[in-house]
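First the structure, in the form of structure tokens, and then the observations on it.
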Amino acid sequence: MATAPFFSLPHSIKHLSDSGALSSVPPHYACRDPDAPSDVDPTLEGQIPTIDLSVLTEGDPARRSEMVRQLGRACEEWGFFVVVNHGVPETVREAMLAAAQGFFDLEEEEKAEHSGKHVMDPIRYGTSFNTKVEDVGYWRDYLKMVVHPAFHSPAKPLGFGEVLGQYAACTRVVGMELLRGIWESLELDEGYMNNALGLDACFQVCTVNLYPPCPQPELATGLPPHSDHGLLTLLRQNGVDGLQVKHGSKWVHVKPPPNSFLVNTGDHMEIVTNGRYKSVLHRAVINGRSTRMSIATVVAPSPDTVVEPVAQLVSSERPAMYRGVRYREYLEHQQGNKLREKSALDLLRVQ
Ligand code: OGA
Ligand code: NI
């Protein structure tokens with residue numbers, strides 16, 4: 001049931017944090033038990049798979065096949081991997097971070113032009129995840145922009161759209177290259193998959209997350225455990241760590257190597273592969289010292305595609321595990337409700 005927002009816009013976490021007067025978090029943000037034993041396993045960090053994209057794009061056939069196999073294993077065992085040699089110029093990646101910082105540095109009133117509307121609006125600025133339905137707040141401001149098949153960008157700050165356009169195009173190429181390898185790892189035909197998922201008109205959204213320093217980082221959180229909609233999410237951050245992914249029963253704190261993308265599988269990967277490659281749970285933790293910024297780019301089927309398990313991965317031994325759903329409807333549901341683990345995907349499971 002929707003209740004009145006507990007947090008009146010245009011206030012943002014940045015605004016709260018910049019005021020400098022905070023020595024504790026407002027009660028709505030205290031959603032963690034500071035005395036709970038740590039669920040992070042530091043020994044797993046070194047085991048996160050790394051995918052060298054240049055081997056997928058240019059490698060000789062034998063090296064490519066081996067990398068495809070590693071990619072498949074990363075999807076199956078982790079749903080998460082680091083991508084290096086991805087070909088996206090560092091200048092483009094840096095420019096995107098600077099542009100995002102420029103947006104968050106605008107006056108609250110200017111940012112608020114993009115806030116408080118429908119979850120399917122192509123440009124959406126806000127705080128937490130969905131203040132209309134949540135009873136807790138997350139220590140995060142965000143700007144979400146649909147960048148494909150139609151491109152949307154705020155007009156301010158000056159030059160933002162140009163940088164975003166470049167970043168979106170480059171990351172889309174990386175996403176498509178990874179998808180090509182992923183289909184191959186499952187012996188699925190690339191042309192068939194592109195067609196079935198409408199990937200020429202793929203849906204792509206860029207989310208810029210800002211996590212200001214928090215006076216009580218042990219009580220609040222940036223984003224709670226959740227999986228992403230879509231097929232793949234590519235993430236880069238500003239050099240401040242905070243992403244944690246779930247592996248088995250433990251959480252892994254991710255420290256990305258320089259010039260890399262962090263990639264996770266999304267709910268629609270799980271649906272289309274009939275559960276062979278599951279979407280991974282992840283969360284964002286915050287800290288008391290530094291502002292963290294991340295840019296997450298989701299690559300997804302075209303909005304009107306009905307996404308369902310592909311016939312090749314359905315058999316009498318492994319019947320379809322999910323009902324088909326139109327991507328647009330899934331997205332609207334996921335964005336319109338509380339962010340809770342895999343609750344949106346759970347609704348589609350065939351019991
Ligand atoms: C997201 C997300 C994690 C991060 O935007 O969906 O999971 O590290 N972000 O910012
Ligand atoms: Ni996420």
Side-chain angles (χ1 to χ4, degrees), residues 40-59 63-64 66-101 163 166-168 170-182 185 206-211 222-223 228 232-248 250-266 277 279-287 289-299:
V40 175
D41 182 348
T43 66
L44 289 169
E45 227 176 84
Q47 296 174 29
I48 295 174
T50 298
I51 299 301
D52 183 335
L53 196 72
S54 68
V55 175
L56 284 184
T57 52
E58 301 156 12
R63 284 186 73 210
R64 179 179 153 81
E66 172 53 23
M67 195 50 73
V68 164
R69 208 181 55 80
Q70 287 182 30
L71 178 58
R73 228 178 44 202
C75 290
E76 193 149 15
E77 293 174 5
W78 281 79
F80 182 76
F81 48 92
V82 173
V83 174
V84 297
N85 297 329
H86 44 69
V88 181
E90 202 50 29
T91 46
V92 172
R93 291 167 30 104
E94 285 302 314
M96 187 63 231
L97 276 178
Q101 185 67 58
V163 173
Q166 275 190 349
Y167 188 80
C170 290
T171 49
R172 194 159 64 245
V173 169
V174 174
M176 288 304 154
E177 216 38 78
L178 289 170
L179 287 176
R180 201 156 79 94
I182 288 172
S185 75
C206 282
T207 303
V208 185
N209 298 301
L210 186 84
Y211 307 98
L223 277 174
D228 292 342
L232 293 175
T233 302
L234 279 66
L235 184 133
R236 85 146 305 189
Q237 62 182 31
N238 67 339
V240 180
D241 298 335
L243 177 66
Q244 298 184 340
V245 294
K246 194 154 192 204
H247 187 60
K250 291 291 183 185
W251 288 87
V252 188
H253 191 81
V254 184
K255 295 195 188 111
N259 304 346
S260 61
F261 281 109
L262 304 173
V263 179
N264 65 264
T265 49
Y277 295 168
S279 61
V280 70
L281 283 178
H282 54 285
R283 65 189 183 190
V285 297
I286 48 182
N287 72 79
R289 299 168 311 280
S290 322
T291 292
R292 175 164 186 260
M293 197 157 56
S294 70
I295 302 171
T297 307
V298 169
V299 176

Nearest 0.5 Å, please: how far is CG in N238 from OG1 in T291?
8.0 Å
Distance-only donor-acceptor check, side chains D228 and H282, under 3.5 Å
yes
Test your reading of the model: is there a side-chain donor-acceptor pair from N264 to the backbone of L235, 3.5 Å cut-off?
no
Applying side chain to side chain contact (heavy atoms under 4.5 Å, CB included), can you list everything that pairs with A95, at least two apart in sequence or on another chain?
V163
Go through the steps for R63 and E66 under the test salt bridge (charged side-chain N to carboxylate O under 4.0 Å, His left out), then give the verdict.
CA-CA 5 Å; R63 284 186 73 210; E66 172 53 23; over 6 Å; no
Can you find a heavy atom in the side chain of R292 that is under 4.5 Å from one in the side chain of L243?
yes
Main-chain N/O of L56 paired to R64 side chain as donor or acceptor, under 3.5 Å:
yes
Could you tell me which residues satisfy side chain to side chain contact (heavy atoms under 4.5 Å, CB included) with N287, sequence neighbours excluded, listed by chain and number?
V240, R289, S290
Could you tell me whether E90 and R93 make a salt bridge, using a distance below 4.0 angstrom between a side-chain N and a carboxylate O?
yes
Identify the two heavy atoms, one from C170 and one from V92, that lie closest to each other, and give their separation to 0.1 Å.
SG-CG1, 4.4 Å
Could you tell me if the side chain of M293 sits less than 4.5 Å from the side chain of Y211, heavy atoms only?
no
When rounded to the nearest 0.5 Å, the distance separating CG of L210 from CD of Q101 is 6.5 Å
d(W251 CH2, D41 CG) to nearest 0.5 Å is 13.5 Å
Contacts of R73 meeting salt bridge (Lys or Arg N to Asp or Glu O under 4.0 Å) (sequence neighbours excluded), chain-then-number -> none
Is the closest side-chain heavy-atom distance between I48 and H247 below 4.5 Å?
no
According to salt bridge (Lys or Arg N to Asp or Glu O under 4.0 Å), who are the partners of E77, at least two apart in sequence or on a separate chain?
none
Rounded to the nearest 0.5 Å, how far does OG of S185 lie from CD of E76?
8.5 Å
Give, for atom CD1 of I286 and atom CG of L223, the distance between the pair rounded to the nearest 0.5 Å.
10.0 Å
Residues in side chain to side chain contact (heavy atoms under 4.5 Å, CB included) contact with D241, at least two apart in sequence or another chain:
Q237, H253, K255, P256
May I ask you to test the I51-Q70 pair for a side-chain heavy-atom distance under 4.5 Å?
yes
Please enumerate all residues that pass side chain to side chain contact (heavy atoms under 4.5 Å, CB included) together with V174, with sequence neighbours excluded.
L53, H86, V88, L178, L234
Measuring only between side-chain heavy atoms, which start at C-beta, is F80 closer than 4.5 Å to L262?
yes
Can a salt bridge be assigned to the pair E94 and R236 using a cut-off of 4.0 Å between side-chain N and carboxylate O?
yes
Answer whether the closest heavy-atom distance between the side chains of I182 and C75 falls below 4.5 Å.
yes
Do the side chains of L232 and T265 get nearer than 4.5 Å, heavy atoms only?
yes
Would you say that V298 contacts T207 through its side chain, given a criterion of any heavy-atom pair below 4.5 Å between the two side chains?
no
Got a second to check how far I295's CD1 is from L97's CG, nearest 0.5 Å?
4.0 Å
What closest approach, in Å, do G72 and Y277 show between heavy atoms, and which atom pair accounts for it?
CA-OH, 3.3 Å
Could you tell me which non-hydrogen atom of V208 sits nearest to which non-hydrogen atom of A100, and how far apart they are?
CG1-CB, 3.3 Å
At their closest point, which heavy atom of G79 faces which heavy atom of V280, and how far apart are they?
O-CG1, 3.2 Å
